[in-house]
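Atoms considered below: every heavy atom in the structure, side chains included; atoms not considered: hydrogens, waters and symmetry mates. Counting starts at 1 for both ligands and their atoms, in listed order. Note that the coordinates shown come from a computational prediction; the quantities given were computed from them, not determined experimentally.
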Amino acid sequence: MDHQRRHLLGVEGLAPPAISGFLDLAESYVLLNRSGQTQRDLLRGHTLINLFFEDSTRTRTSFELAGKRLGADVLNMSVATSSVNKGETLLDTAATLNAMQCDLLVVRHDQSGAPSLLAQKVDAAVINAGDGTHEHPTQALLDALTIRRRKGRLEGLTVAICGDILHSRVARSNLHLLTTMGSRVRVVGPPTLIPAEVARLGVTVFHDMAAGLAGADIVMMLRLQRERMTAGLVPSAREYFRFFGLDAAKLAHARPDALVMHPGPMNRGVEIDSAIADDPARSVIREQVEMGVAVRMAVLDTLARGGRNR
Ligand code: ASP
Ligand code: CP
């Protein structure tokens with residue numbers, strides 16, 4: 001099994017059949033989860049370790065739930081109380097976990113490329129749960145599953161990804177996935193938050209919400225990643241909301257059946273108005289969380305079997 005297939009380090013480079021394979025398998029796990037059943041024999045005897053060097057609510061808990069629903073032994077390593085604080089390096093930490101015969105290592109780190117580095121050093125299959133500003137592959141897969149279930153396809157849809165594109169690994173993974181699957185992708189935000197090279201990825205850039213959302217099927221909002229900002233790239237939160245926050249008036253430019261998405265965590269009143277976030281007719285934000293468990297079950301299932309099908 002080659003390196004690319006044994007781990008899930010990013011969406012970049014995944015071919016359409018591999019993406020569809022994950023989504024198709026995840027569909028079956030949506031049904032299993034909704035029926036209240038589990039498949040605890042599938043990963044019995046496998047050990048999954050969650051190694052999160054950055055905060056998380058959704059990703060860490062859904063990997064834990066996904067592993068448990070498939071019967072794996074799941075450990076959540078608390079980095080905050082670990083020997084990392086005594087100066088142990090990332091690689092030594094990983095080598096230690098590796099020596100405990102870990103099969104699946106789920107890693108979140110603030111340095112882009114950290115999961116890829118670990119994948120070269122450990123026997124476990126490594127899953128990137130978000131690395132710096134680089135990628136968050138399972139987020140893009142769960143977003144794609146949410147869209148595909150609601151709209152019946154990905155191809156030909158117009159998706160507007162709005163806000164802090166510069167610091168967002170969610171945006172990067174989504175750009176790769178959605179362009180690969182034939183969606184028309186737009187990025188919308190202030191010039192300070194859109195990297196210059198993004199246009200080369202086959203997306204259209206907008207600095208105005210009305211133009212960027214015009215006719216969109218999907219409006220995906222992103223949080224301002226202040227923890228990654230080294231300079232004051234945005235004015236006050238209030239002013240940011242006025243120009244780039246999603247409210248009813250701005251959403252009116254999108255298609256009447258446009259869906260509103262957000263990977264979470266949300267900063268209400270900054271990038272999204274509460275009334276929109278909570279509107280069951282438009283927002284699929286909670287559904288994204290549900291899809292996250294199913295997608296992570298599909299990823300664990302696939303990698304535990306030794307790699308992707310294609
Ligand atoms: N939770 C996502 C991430 O970790 C998005 C965010 O934090 O805004 O990348
Ligand atoms: N969407 C996402 O990755 O959420 P968490 O940071 O809470 O895991």
Work out which heavy atom in V159 is nearest to a heavy atom in S183; give both atom names and the distance.
CG2-CB, 4.2 Å
Could you check atom 2 (C) of ligand 2 against the protein and tell me its nearest heavy-atom contact, residue, atom and distance included?
T59 OG1, 3.5 Å
Close approach, R58 and ligand 1, non-hydrogen under 4.0 angstrom:
no
Look only at interatomic distance and state if Q225 has a nitrogen or oxygen under 3.5 Å from any nitrogen or oxygen of ligand 1.
yes
Hey, is ligand 1 close enough to P265 that some N/O pair sits below 3.5 Å?
no
I need the atoms of ligand 1 closer than 4.0 Å to a non-hydrogen atom of R108, numbered in the order shown.
4 (O)
Does some side-chain heavy atom of H176 sit less than 4.5 Å from a side-chain heavy atom of L201?
yes
Looking only at protein heavy atoms, what sits closest to atom 7 (O) of ligand 2 is T57 N, 2.8 Å
So, do I285 and M221 sit near enough that their side-chain heavy atoms are less than 4.5 Å apart?
no
Please determine if E64 and R60 form a salt bridge, counting it only when a charged side-chain N lies under 4.0 Å from a carboxylate O.
yes
Side chain or backbone, does P265 bring an N or O within less than 3.5 Å of an N or O on ligand 2?
no
Short version for H262: what comes under 4.0 Å of ligand 2, heavy atoms counted, is neither
Separation of S20 OG from R148 CZ (nearest 0.5 Å)
6.0 Å
Gap between atom CG of L224 and atom CG of L193 - 0.5 Å precision
6.5 Å
At a 4.0 Å threshold, what atoms of ligand 1 neighbour a non-hydrogen atom of H136?
3 (C), 9 (O)
Would you check whether E227 has a nitrogen or oxygen atom less than 3.5 angstrom from a nitrogen or oxygen atom of ligand 1?
no
The atoms of ligand 2 lying under 4.0 Å from a heavy atom of R108, numbered in the order shown, are 3 (O), 5 (P), 6 (O), 8 (O)
Do ligand 2 and R58 have nitrogen or oxygen atoms that lie under 3.5 Å from each other?
yes
Number the atoms of ligand 1 from 1 as they appear, then name those within less than 4.0 Å of a heavy atom of R223, with their elements.
6 (C), 7 (O), 8 (O)
